[in-house]
Chemist: 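Starting off with a structure, shown below.
Counting convention: from 1, in listed order, for ligands and their atoms alike.
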Amino acid sequence: MQLDDTRKQILAASGHLLIQGGPGSGKTTIALLKAARTLETLAAEQHVIFLSFSRAAVRQISDRVGEHLPLAIRPHLEVRTFHAFFLDFVRSHGHMLTGTSAVFLAPDGERQRQADHEGDWDTETIKLASRGIFVFDQLAATTATLLERSPALRALYSDRYPLVIVDEFQDTNVDQWRVIQALADTSTVICLADPDQRIYEGFVKGVDEERLQHAVTALRPTPFDLAGDNHRSAGNGILDYGNAVLRNSPAEQPASVQYVRYSFPHTPEVVTHHVIVHLQALLAKQLGREPTIVVLGPSSAFVAGISEAVSAEQTVNGTQLPAVDHELVWDPVLAAAAGYVVASILEWPTLPRDEAITTTLRRIADFYRVKFTDKQAKTARSSIKATNNAIQAFSDGKTPRTKTGKSVIVEVDNGIQLTGNPVTDWQLARARLRGSTELSEIFDKARMLRLLHATDALAWGLADAWDGQSSYPGATEIVRRVLADELVDGRPAEPRAVTLMNMHKSKGKEFDGVIIAEGVHTPKLIDPDWDEKRIIQQRRVIRVAITRARHKVFFVRPKNAFPLVPRSQHPPAS
Ligand SMILES: Nc1ncnc2c1ncn2[C@@H]1O[C@H](COP(=O)(O)OP(=O)(O)OP(=O)(O)O)[C@@H](O)[C@H]1O
């Protein structure tokens with residue numbers, strides 16, 4: 001790899017560094033080279049830590065380590081999510097704050113408690129933390145407080161990690177920033193940043209547009225700017241188009257960016273299916289290999305609909321579209337909650353009838369509690385209420401009025417013959433989720449568990465629980481234990497040629513082709529009725545989405561969608 005003067009200076013520099021640059025300018029790459037250079041000088045027990053936001057970003061960075069680090073030193077580079085690092089830290093040292101050993105309340109458990117909690121949930125999480133029970137959002141604050149208060153801990157961690165690299169620094173929240181500052185006391189910190197990729201502001205509490213200035217003031221880092229470079233999509237106009245969308249300025253539409261516009265009776269799902277198949281063929285021809293493609297949408301629910309549509313072969317206007325094998329990046333917490341419902345069914349044969357019915361109904365209500373705290377789930381509240389009513393009715397000896405309640409009773413009364421093979425039995429139990437819209441929804445979400453990569457661990461755990469005859473006593477607890485760590489720290493599924501996710505999740509990643517799809521009713525890509533702040537935030541998100549592409553971007557938009565760049569230069573429909 002050719003290194004220009006700026007990069008040579010970065011490799012030679014000592015002390016804290018702030019490396020800024022636009023999408024694809026090479027921040028991650030130079031940081032990996034710097035890590036390699038630093039590791040050559042460290043003692044055997046010392047490591048470099050590279051902190052990033054999402055598990056998928058960690059995977060992409062980890063996959064690139066091989067290109068830049070010699071084999072011998074690779075184990076000394078730890079690429080981790082912030083939260084995985086904080087979780088380990090709090091588990092190891094949380095007792096220093098509370099006097100009791102730290103317990104982590106996994107995200108699904110938290111959402112259930114939150115749904116039942118009257119009053120301010122943030123205040124409650126602080127109270128829980130003071131009793132040694134830590135929820136996801138308290139991990140950063142607790143790590144920060146421990147590091148700030150204990151010079152011994154600071155010394156310990158700085159000794160282990162003399163170099164700390166912080167990815168997407170512009171999106172760090174106040175507690176993450178406190179941790180970085182505390183470590184910067186005696187470790188060297190490298191911040192990688194692009195202020196225009198600030199996409200958490202307004203979504204995540206404590207993210208601050210002044211963050212880079214904070215770093216400049218507090219750390220006095222040597223600044224480097226890779227701004228003008230673009231190694232991802234050099235010369236094809238994708239970055240310029242992304243910048244035009246960001247600034248809402250007129251732009252020539254390059255050949256690398258295309259629009260497909262649809263109107264009734266066509267649906268965005270089917271049109272996107274078409275575009276995936278077309279783009280795969282186009283890029284395979286251009287690149288001479290199987291391309292990587294991502295489909296991005298404004299919401300997870302919309303993307304899940306596309307996932308369903310492209311999973312099946314279909315014929316449209318005489319054209320046959322093959323099923324598309326793909327990875328869907330989805331909400332693992334909801335999948336886990338669905339898994340607990342299935343696990344409760346695995347316990348039926350050893351439970352008294354009443355207990356089997358009420359336990360499963362409770363897990364169903366829990367599923368909807370988890371869903372309820374997801375802001376998009378407006379109808380979940382009524383499902384929780386209906387399921388609770390069903391439990392009450394059943395306990396009072398009456399017949400529940402809801403289909404879900406009735407179906408669960410019928411299924412328990414039909415009995416379930418389990419075999420002792422956890423994989424088969426899991427499917428048998430899941431198949432009992434039928435007879436109401438709610439049960440079908442849980443059935444679908446439980447299917448997503450295969451994406452969690454915990455399936456082997458689940459099978460082992462369940463095999464241990466098999467009572468040798470008919471049931472898996474304690475299955476729910478086992479499933480909960482296996483999934484708790486997986487939800488925070490697990491590796492995502494292996495990459496596939498086609499990935500689907502919501503736009504926010506695409507930050508820090510890179511694909512040959514990007515398809516940005518917009519539905520008619522789902523949250524729009526952009527809406528002129530939004531206030532100015534929201535429009536600016538959304539333009540940043542769209543730019544992030546566009547600039548994930550190396551070679552080609554396709555937009556799938558409704559015919560009358562609001563243009564992303566000023567109308568005079570509006571791209572022609574194709
Ligand atoms: N100096 C370089 N010479 C050639 N290719 C490079 C160089 N630096 C980076 N690249 C390539 O350019 C692409 C983008 O690099 P990288 O991911 O490091 O950028 P980034 O600034 O971290 O991007 P983003 O902020 O969008 O995540 C990668 O495919 C990488 O291999």
Chemist: Around atom 22 (O) of ligand 1, find the nearest protein heavy atom and jot down its residue, atom name and distance.
Modeler: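 Ranking protein heavy atoms by distance from atom 22 (O) of ligand 1, first comes Thr28 OG1, 2.5 Å.
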Chemist: Measure the acute angle between the ring planes of Phe86 and His83, then classify it against the limits of 30° and 60° as parallel, tilted or perpendicular.
Modeler: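 Ring orientation of Phe86 relative to His83: perpendicular.
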Chemist: Any idea which of Arg64, Gln60, Arg7 brings a heavy atom closest to atom 31 (O) of ligand 1?
Modeler: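 Heavy atom nearest to atom 31 (O) of ligand 1 belongs to Arg64.
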Chemist: Can you confirm, on distance only, whether ligand 1 has an N/O atom lying under 3.5 Å from any N/O atom belonging to Glu168?
Modeler: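 The answer is no, given that Glu168 and ligand 1 share no N or O pair closer than 3.5 Å.
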Chemist: Pairing donors with acceptors under 3.5 angstrom, does anything connect the side chains of Ser25 and Arg232?
Modeler: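 Short answer, no.
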Chemist: Check whether the ring centres of Phe555 and Tyr259 lie less than 6.0 Å apart, and answer yes or no.
Modeler: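 Ring-ring flag for Phe555/Tyr259: true, centres closer than 6.0 Å.
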Chemist: Pull out every atom of ligand 1 sitting under 4.0 Å from any heavy atom of Pro23, numbered as shown with elements.
Modeler: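 Near Pro23, meaning under 4.0 Å from one of its heavy atoms, ligand 1 has 26 (O).
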Chemist: Can you tell me which residue and heavy atom of the protein come closest to atom 25 (O) of ligand 1, and the distance to 0.1 Å?
Modeler: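 Nearest protein contact, heavy atoms only, for atom 25 (O) of ligand 1 is Lys27 NZ, 2.7 Å.
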Chemist: Okay, side chain of Lys34, backbone of Ile10: is any donor-acceptor separation there less than 3.5 Å?
Modeler: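 Yes.
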Chemist: Is the closest heavy-atom distance from Gly24 to ligand 1 below 4.0 Å?
Modeler: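 It does; at least one heavy atom falls under 4.0 Å.
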Chemist: Considering only non-hydrogen protein atoms, determine which one is nearest to atom 19 (O) of ligand 1 and report residue, atom name and distance to 0.1 Å.
Modeler: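 Answer, as residue, atom name and distance: Gly26 N, 3.1 Å.
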Chemist: Would you call Glu327 and Leu500 a side-chain contact if the rule is heavy atoms closer than 4.5 Å?
Modeler: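 Answer no - side chains too far apart.
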Chemist: From atom 4 (C) of ligand 1, work out which of Arg548, His68, His231 has a heavy atom at the shortest distance.
Modeler: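 Result: the heavy atom closest to atom 4 (C) of ligand 1 is in His231.
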Chemist: Verify whether one side chain among Arg178 and Thr145 offers a donor that lies under 3.5 Å from an acceptor in the other.
Modeler: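 Looking only at side-chain atoms, Thr145 and Arg178 do form a donor-acceptor pair, the distance falling under 3.5 Å.
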Chemist: Identify, for atom 28 (C) of ligand 1, the protein heavy atom at the shortest distance, and state residue, atom and that distance.
Modeler: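 Looking at atom 28 (C) of ligand 1, the protein heavy atom closest to it is Glu510 OE1, 3.3 Å.
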Chemist: Give the residue and atom name of whichever protein heavy atom lies nearest to atom 26 (O) of ligand 1, and the separation in Å to one decimal.
Modeler: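 Ranked first by proximity to atom 26 (O) of ligand 1 is Arg232 NH1, 2.8 Å.
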Chemist: Output the list of atoms in ligand 1 that are nearer than 4.0 Å to some heavy atom of Gly22, sorted by atom number.
Modeler: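 The list of qualifying atoms is 21 (O).
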Chemist: Test your reading of the structure: does Gly508 have an N or O sitting under 3.5 Å from an N or O of ligand 1?
Modeler: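 No, since none of the N or O atoms of Gly508 sits under 3.5 Å from an N or O of ligand 1.
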Chemist: What residue and atom, counting heavy atoms only, is the protein's closest point to atom 30 (C) of ligand 1, and at what distance?
Modeler: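 Result: Thr29 OG1, 3.7 Å.
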Chemist: Heavy-atom count check: over 12 atoms from other residues, nucleotides or ligands less than 6.0 Å from Arg37 CZ?
Modeler: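 Atom CZ in Arg37 is not packed in, count stays at 12 or less.
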Chemist: Tell me, yes or no, whether the heavy-atom count around Glu532 atom CD, taken from other residues, nucleotides or ligands under 6.0 Å, exceeds 12.
Modeler: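 No - once you tally the heavy atoms of other residues, nucleotides and ligands closer than 6.0 Å, there are 12 at most.
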Chemist: Under the 6.0 Å and 45° cation-pi test, does Lys507 pair with Phe53?
Modeler: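 Geometry flag: set, cation within 6.0 Å and 45°.
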